[in-house]
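Below, chains carry the letters A, B, ... as their sequence lines are ordered, and counting in each starts from 1.
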Amino acid sequence: MNKPQPPESITHLMQRVDAIAGLTLGELAQQYQFKSPEHLLREKGWPGQLLEYVLGASAGSKPVPDFEHLGIELKSLPIDYQGRPLETTYVSVVPLTGLTGATWENSTVRKKLNHVLWLPVLAERDIQPVNRTIGHGFLWQPTEQQNALLKRDWEEQIELIALGRVEEISGHLGQVMQIRPKAANSRVTTDAIGPNGKLIKTLPRGFYLKTNFTQDILYNQFKA
DNA sequence: ACGTGATCATGT
DNA sequence: ACATGATCACGT
């Protein structure tokens, strides 16, 4: 099986998405000779990497949309038996310096979430990774209301960081989007603005969509 | 170290 | 039971 090429259009992308709905991750991995781990204790990103590969997303870790020419970001979304999200959704790293003049409109979060291809995967922990079933993927763009919620959470938390109060941030902040550690381990450090305005070292952080937000997206998509 | 893909697992 | 904080693999 040759490596899938990037889809030439949104229509072609969605044809591929429809074609894999109902398959298990194991079936897909076997078709494309992709490795299939027994568990995700170490290869936590395996579901997303497999789906990226199969759908022809650009590989690597470049800070650009997965389907760059289409401006679409792919997000797998683990769900439980009730169809509710099992995990928060990582969006992007949080800028901790150079925030002068930073705006929601120009933020990486806004750009990443402008157009998302959500791909639900039934991913209860008692189901082996290879037996997890792919759901019906769909395209999403934030509604005016959703955009306003994201904007508010982004502005409130970025303002704290700009004021040198990064150490006061925890996952409890934000109504629909929170900031949590995003690093290999808790000893990793990066530069941030300190309380006195000078640079300090702190743990790298990431923006994550809370499950109430992604659940709302799923509800609006699949409500009968 | 940083940014991509995320899930793990302990504290509450 | 569930969310927060911690962690894992890979490419650069």
Side-chain angles (χ1 to χ4, degrees), chain A residues 3-4 6 25 28-29 32 34-68 72-82 84-98 107-109 111-113 116-132 134 137 153 157 166-192 199-216:
Chain A
K3 173 174 178 166
L25 295 178
L28 211 52
Y32 290 89
F34 209 88
K35 61 182 175 182
S36 295
E38 300 276 321
H39 55 71
L40 302 182
L41 293 176
R42 300 194 180 281
E43 295 171 77
K44 299 180 177 181
W46 178 71
Q49 287 162 350
L50 170 63
L51 293 167
E52 276 191 349
Y53 181 83
V54 167
L55 294 178
S58 56
S61 59
K62 296 173 293 185
V64 298
D66 295 298
F67 302 98
E68 197 170 357
I72 291 174
E73 175 76 12
L74 173 64
K75 287 290 178 197
S76 67
L77 185 61
I79 57 172
D80 65 16
Y81 293 119
Q82 328 298 329
R84 297 171 307 203
L86 281 163
E87 298 283 351
T88 55
T89 301
Y90 170 70
V91 179
S92 65
V93 297
V94 178
L96 302 178
T97 60
S107 70
T108 59
V109 173
K111 286 171 180 147
K112 286 228 178 189
L113 297 183
V116 176
L117 169 55
W118 292 102
L119 208 39
V121 177
L122 179 57
E124 292 271 8
R125 288 206 196 179
D126 61 5
I127 307 175
Q128 307 272 347
V130 290
N131 292 328
R132 295 180 181 178
I134 301 162
D153 284 347
Q157 293 173 94
V166 63
E167 300 296 8
E168 295 177 36
I169 289 180
S170 77
H172 299 89
L173 299 179
Q175 182 180 333
V176 300
M177 185 171 67
Q178 63 187 171
I179 287 177
R180 303 217 309 279
K182 174 61 171 168
N185 58 64
S186 58
R187 279 91 62 193
V188 174
T189 63
T190 191
D191 286 343
L199 291 186
I200 61 169
K201 289 292 187 182
T202 192
L203 187 59
R205 319 294 169 100
F207 282 112
Y208 295 81
L209 299 178
K210 299 180 69 167
T211 54
N212 62 350
F213 190 75
T214 48
Q215 183 172 356
D216 185 62

Taking side-chain contact (heavy atoms from CB on, under 4.5 Å) as the definition, give me every residue that meets it alongside A:Q82, ordered by chain and number, with sequence neighbours left out.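 Applying side-chain contact (heavy atoms from CB on, under 4.5 Å) to A:Q82 gives A:D80, A:R84.
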Go through the structure and list residues passing side-chain hydrogen bond (donor to acceptor under 3.5 Å, both in side chains) with A:T202, not counting sequence neighbours.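 Scan of A:T202 (side-chain hydrogen bond (donor to acceptor under 3.5 Å, both in side chains), adjacent residues dropped) gives A:E167, A:R205.
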From CD1 of A:I79 over to P of B:dA6, roughly how many Å is that when rounded to an integer? 15 Å
Heavy-atom side-chain proximity of A:D66 to A:L55 below 4.5 angstrom: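 No, too far: nothing below the 4.5 Å cut-off.
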Would one find a side-chain N or O of A:R125 under 4.0 angstrom from OP1 or OP2 of B:dC8? yes
So if I take residues 182-189 of chain A and measure heavy-atom distances to DNA chain B, which residues fall below 4.0 Å? A:K182, A:V188, A:T189
ring-ring contact (aromatic ring centres under 6.0 Å, His included) filter on A:F213, not counting sequence neighbours, yields none
Which residue lies more 5' along DNA chain B, comparing A:V64 with A:R132 via nearest heavy atoms: A:V64
Side-chain (A:W118) to main-chain (A:T214) donor-acceptor, under 3.5 angstrom: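 Here the side-chain-to-backbone pair does not exist.
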Spacing of A:D66 atom CG relative to B:dG3 atom C1', expressed in whole Å: 12 Å
CD1 of A:I134 to CG of A:L28: how many Å apart, nearest 0.5 Å?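 Spacing of CD1 (A:I134) from CG (A:L28) equals 4.5 Å.
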Pairing residues for A:F67 by the ring-ring contact (aromatic ring centres under 6.0 Å, His included) criterion, not counting sequence neighbours: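 Residues passing ring-ring contact (aromatic ring centres under 6.0 Å, His included) with A:F67: none at all.
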Which of residues 202-216 of chain A sit near DNA chain B, with a heavy atom under 4.0 Å from it?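 Output list: A:Y208.
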Who are the side-chain hydrogen bond (donor to acceptor under 3.5 Å, both in side chains) partners of A:N131, not counting sequence neighbours? none
Do the non-hydrogen side-chain atoms of A:I200 and A:V166 ever get within less than 4.5 Å of each other? yes
Would you classify A:K75 as touching base, sugar-phosphate or nothing, given that sugar-phosphate means primed atoms plus P, OP1 and OP2, and contacts are heavy atoms under 4.0 Å?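 The residue A:K75 makes sugar-phosphate contact but no base contact.
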If you assign A:Q49 and A:R84 each to the DNA chain C nucleotide with the nearest heavy atom, which residue ends up on the more 5' nucleotide? A:R84
Here the residues of residues 41-48 of chain A within 4.0 Å heavy-atom distance, strictly under, of DNA chain C are A:L41, A:R42, A:K44
Any side chain to side chain donor-acceptor pair (under 3.5 Å) involving residues 171-186 of chain A? Give me the pairs, sequence neighbours left out, ordered by first then second residue. A:T88-A:R180, A:R152-A:Q175, A:S170-A:H172, A:Q178-A:R180
State which residues pass side-chain hydrogen bond (donor to acceptor under 3.5 Å, both in side chains) with A:Q157; sequence neighbours excluded, sorted by chain then number. none
Could you tell me whether A:S76 contacts a base, only the sugar-phosphate backbone, or nothing, with contacts defined as non-hydrogen atoms closer than 4.0 Å? sugar-phosphate
Residues in salt bridge (charged side-chain N to carboxylate O under 4.0 Å, His left out) with A:K75, at least two apart? A:E73
End-to-end axis angle, where each axis spans five pairs of the helix from B:dA1-C:dT12 to B:dT12-C:dA1, to 10°: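 That helix gives 30° between its end axes.
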Would you say the side-chain atoms of A:D191 pair up with the backbone N or O of A:L199, donor to acceptor, closer than 3.5 Å?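 No; zero donor-acceptor contacts below 3.5 Å.
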B:dT4, OP1 or OP2 - any side-chain N/O from A:Y90 closer than 4.0 Å? yes
